[in-house]
Amino acid sequence: MPDIQLSSSRRGTGPPLVVIQQLDREGWAPVIDLLTAEREVVTVDLPGFGDSPPLPGGTAPTVRQLAAEVAMWFSTAGLTRPPVVGNSLGGAVALELARADAVGSAVALSPIGLWTGPEAAYVLGSLRIARTMAKALGHRTARVAGSPLGRTLAFWQLVARPRRMTAEAAGGALRNLAGSPGFEATRRAARTYRLHGFPPRVPVTVAWGTRDLMTPRYQARRAARLLPGARHVRLHGCGHSPMSDDPGRVVRLLLSASTG
């Protein structure tokens with residue numbers, strides 16, 4: 001399979017920290033703004049999301065394949081076993097990178113893959129409906145994003161306090177959701193993904209928002225059973241994408257957990 005060029009950027013100074021992004025690029029922005037005071041933050045868009053092209057036809061974007069792509073990208077980016085963090089799909093990718101011993105440490109925020117079949121169907125079905133609605137908005141995206149009610153209706157499943165999102169962040173998130181070419185193939189591939197336990201050989205942290213409506217916090221108990229050697233953290237008052245709800249808390253978690 002030919003290599004694809006993943007889109008990435010670097011900001012800040014200090015030891016590197018890789019942020020794995022997909023539909024959540026805007027959610028990471030306030031966290032990255034704070035992190036750059038102490039870390040060189042290296043963001044990378046997963047294949048088919050943000051500015052990264054999708055995988056070539058015939059290659060299913062499974063979680064493990066996405067992790068393999070990121071691992072190959074490390075060498076082109078001049079990174080050797082860096083610490084990584086991801087949310088949701090990105091969190092599962094971070095855990096698979098830790099399983100492969102390709103990173104120095106991993107932090108997974110509300111990772112997918114700790115679900116049952118019906119739970120996966122609910123999450124992935126909800127995202128499909130949200131994408132359909134985001135595509136239908138068209139030129140009305142800015143109007144919806146600019147309204148506290150519009151942000152609540154669009155993001156109530158993902159963040160605990162959607163009214164606090166800026167109009168710019170909400171609009172960017174809706175456009176990213178509508179325009180990501182890898183969305184549908186990745187959504188289909190994720191249906192059968194289940195995280196299998198492994199003994200981490202590097203520091204691993206799994207964090208869950210106590211107000212997560214997409215992957216409810218009882219899935220955190222499954223994570224604790226599957227990954228007894230990991231550190232497990234609750235993010236009180238946060239939703240599925242805790243970066244938007246409490247960026248300061250997420251930054252403190254990352255600085256305490258990331259090594260490499």
Side-chain angles (χ1 to χ4, degrees), residues 1 3-4 6-8 18-25 27-28 43-50 52-74 81-103 105-128 131 158 176-177 180-202 204-208 212 214-216 219-220 222-223 225-227 230 240-241:
M1 183 181 68
D3 292 340
I4 64 170
L6 299 183
S7 175
S8 63
V18 173
V19 175
I20 300 168
Q21 300 182 143
Q22 18 89 27
L23 293 173
D24 52 10
R25 291 201 303 175
W28 278 110
T43 62
V44 59
D45 293 336
L46 287 176
F49 295 93
S52 290
L55 296 176
T59 303
T62 64
V63 172
R64 290 184 178 176
Q65 183 61 48
L66 296 175
E69 293 291 335
V70 174
M72 287 189 290
W73 167 80
F74 287 155
R81 300 183 75 250
V84 298
V85 57
N87 170 232
S88 194
L89 170 62
V93 170
L95 291 177
E96 292 298 338
L97 287 166
R99 179 199 301 278
D101 201 26
V103 294
S105 64
V107 179
L109 308 176
S110 301
I112 67 166
L114 290 145
W115 47 25
T116 63
E119 290 166 353
Y122 166 74
V123 171
L124 298 172
S126 295
L127 287 173
R128 188 176 191 179
R131 175 176 164 88
L158 294 174
N176 191 25
L177 176 60
S180 294
F183 174 89
E184 186 56 30
T186 305
R187 190 189 71 86
R188 290 195 303 268
R191 285 184 300 189
T192 57
Y193 175 70
R194 302 291 184 273
L195 177 71
H196 297 290
F198 63 95
R201 289 172 284 181
V202 298
V204 170
T205 300
V206 183
W208 231 277
D212 189 336
M214 292 292 275
T215 53
Q219 294 185 16
R222 298 172 189 164
R225 290 194 298 268
L226 288 171
L227 300 170
H240 183 66
S241 296

message = Measuring only between side-chain heavy atoms, which start at C-beta, is Arg187 closer than 4.5 Å to Arg131?
response = no
query = Hey, is the main chain of Gln22 close enough, under 3.5 Å, to the side chain of Asn176 for a donor-acceptor pair?
reply = yes
task = Pick out which of Val85, Val44, Thr43 makes a side chain to side chain contact (heavy atoms under 4.5 Å, CB included) with Val18.
result = Val44
message = Using a 3.5 Å distance criterion without hydrogens, assess whether the side chain of Arg99 forms a donor-acceptor pair with backbone atoms of Pro200.
response = no
query = What is the distance from atom CH2 of Trp115 to atom CZ of Arg222, rounded to the nearest 0.5 Å?
reply = 11.5 Å
request  = Indicate yes or no: at least one non-hydrogen side-chain atom of Trp208 is less than 4.5 angstrom from one of Pro216.
outcome  = no
task = Calculate, to the nearest 0.5 Å, the distance between atoms CH2 and CD belonging to Trp28 and Gln21 respectively.
result = 8.0 Å
message = Just so I know, are the side chains of Val84 and Ile20 near enough to count as touching, which here means a heavy-atom distance under 4.5 Å?
response = yes
ask   = Taking all non-hydrogen atoms of both residues, which atom of Pro111 and which atom of Gly91 are closest, and how far apart?
value = CB-C, 3.8 Å
query = Do Leu227 and Val206 touch side chain to side chain, with heavy atoms closer than 4.5 Å?
reply = yes
query = Any luck finding a side-chain donor-acceptor pair between Asp24 and Ser241 under 3.5 Å?
reply = no
inquiry  = If I take atom CG from residue Asn87 and atom NE2 from residue His240, how far apart are they, to the nearest 0.5 angstrom?
reply    = 5.5 Å
ask   = Rounded to the nearest 0.5 Å, how far does CZ of Arg194 lie from CD1 of Ile112?
value = 9.5 Å
Point-to-point distance, once rounded to the nearest 0.5 Å, from CD of Glu184 to CG of Leu124 = 9.5 Å
message = Taking the side chain as everything from C-beta on, heavy atoms only, tell me whether Arg81 gets closer than 4.5 Å to Asp101.
response = yes
query = Are any of the side-chain heavy atoms of Ser88 and Met214 separated by less than 4.5 Å?
reply = no
key: Pairwise side-chain contact, Leu23 with Leu158, heavy-atom cut-off 4.5 Å (strictly under)   = no
ask   = Hey, does Ser52 have a side-chain heavy atom less than 4.5 Å from the side chain of Ser7?
value = yes
query = So how far is it from Tyr193 OH to Thr62 OG1, rounded to the nearest 0.5 Å?
reply = 9.5 Å
